[in-house]
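As structure tokens, the structure follows; a few thoughts come after it.
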There are 2 protein chains.
Amino acid sequence: MDSRSALPAGKDVRNHLSEAGIYPTSQRQALAGILFNRHQHLTADQVYERARREGIKVSRATVYNTLNLFVDKGLLREIFVNASHTFYDSNVHPHFHFYNIDDGQLTDMEGRVADDLIMQNLPQGTVLDGVDVVVRVRNHS
Amino acid sequence: MDSRSALPAGKDVRNHLSEAGIYPTSQRQALAGILFNRHQHLTADQVYERARREGIKVSRATVYNTLNLFVDKGLLREIFVNASHTFYDSNVHPHFHFYNIDDGQLTDMEGRVADDLIMQNLPQGTVLDGVDVVVRVRNHS
DNA sequence: TGATATATTAGATTTAGTCCAATTCCATGA
DNA sequence: TCATGGAATTGGACTAAATCTAATATATCA
């Protein structure tokens, strides 16, 4: 996991939201503070639990609303690793993920699929939205 | 979608199951008949509905048990495209998927990620289980 | 200030998937 | 042929992620 800030240097949370066309309410700023202070992979429930632990007054519905909004606006990326866990990744730059099916760990890996290969094969009448690469791994022996 | 049989020529459903170390009960044979007669992507519920429509006596629990068993034994591949849809792919050979977020369509694409790139980056103490590439697309304009 | 649009909320609802305990199936051996 | 026991199947209860709803709160602007 990359521990650098997910925010470009010198850019605060409010700016980050405003520039994405998101009205910076107090809940959104607080959740953004949790999500964007470093690259990480969190589930909706983990975000909710962290928020509560930090004393932020927010409901589960708002956590989901906000996560979906951030995804729509390109600030977060959703990663589907199995039927019961959606992760939200604050690193929206192209990269792969390792998913350990034994312990649920999700880690990053440099890499991207050749654009031209994909563009040449796009189904008729569609445009590219994103590429998700999940490499499933198991603990050895 | 590839419409060729997912079964090698001259190999029937019973053999396919037995060779995978799966005891070929009547429900399993019936479900295998639905799943493996051609390459396709089905959800658990679609499998259940087709089975019922064909007059196969089977419960939802058995559909889930059987799908999970087939996945464990390498006969099916799970594809997670969003939080509420798991597809089962009867093509277990390496390939990519296009997922149309507007209409839910899932289609195949030739392609694979370079093995050496992945092997060089495997997390400590893990072994490769599989690589899932999902290219999200939207309908144009 | 009042009017309006947007955001938040608790709790109900939905739904994919799993769990459970009872029943059925079936290969084997006496 | 029948009895035995392990495996498979079953309906229904259950779980948990995510969405929906309608009421309330908050912010903007005329």
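Because the structure is predicted, anything quoted here is derived from the model rather than measured.
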Kindly write out the residues that satisfy ring pair (Phe, Tyr, Trp, His ring centres under 6.0 Å) with B:His85, not counting sequence neighbours, or none if the list is empty.
none
Nearest whole Å is fine: how far is C:dT8 C1' from A:Tyr48 OH?
13 Å
What pairs with B:Arg138 under side-chain contact (heavy atoms from CB on, under 4.5 Å), at least two apart in sequence or on another chain?
A:Val127, A:Asp129, B:Ile101, B:Asp102
Rounded distance in Å - CD1 (A:Ile56) to C1' (C:dT9):
16 Å
Rounded to the Å, how far apart are A:Gln29 CD and C:dA7 P?
14 Å
Set of side-chain contact (heavy atoms from CB on, under 4.5 Å) partners for B:Ala20, sequence neighbours left out
B:Ile22, B:Lys73, B:Leu75
Its contact letters, B for base, S for sugar-phosphate only and - for none at protein heavy atoms under 4.0 Å, make nucleotides 6-21 of chain D read --SSBB-----SBBB-
Starting from C1' on C:dT8, measure out to CG on A:Leu31 and report it in whole angstrom.
12 Å
Pairs flagged by ring pair (Phe, Tyr, Trp, His ring centres under 6.0 Å) wherever residues 49-72 of chain B is involved - sequence neighbours left out:
B:Phe36-B:Phe70
Tell me whether A:Arg60 forms a cation-pi arrangement with A:Tyr48, defined as NZ or CZ under 6.0 Å from the six-membered ring centre and within 45 degrees of its axis.
yes
Within residues 77-95 of chain A or reaching into it, pairs that qualify as salt bridge (charged side-chain N to carboxylate O under 4.0 Å, His left out) - sequence neighbours excluded:
A:Arg77-A:Asp132
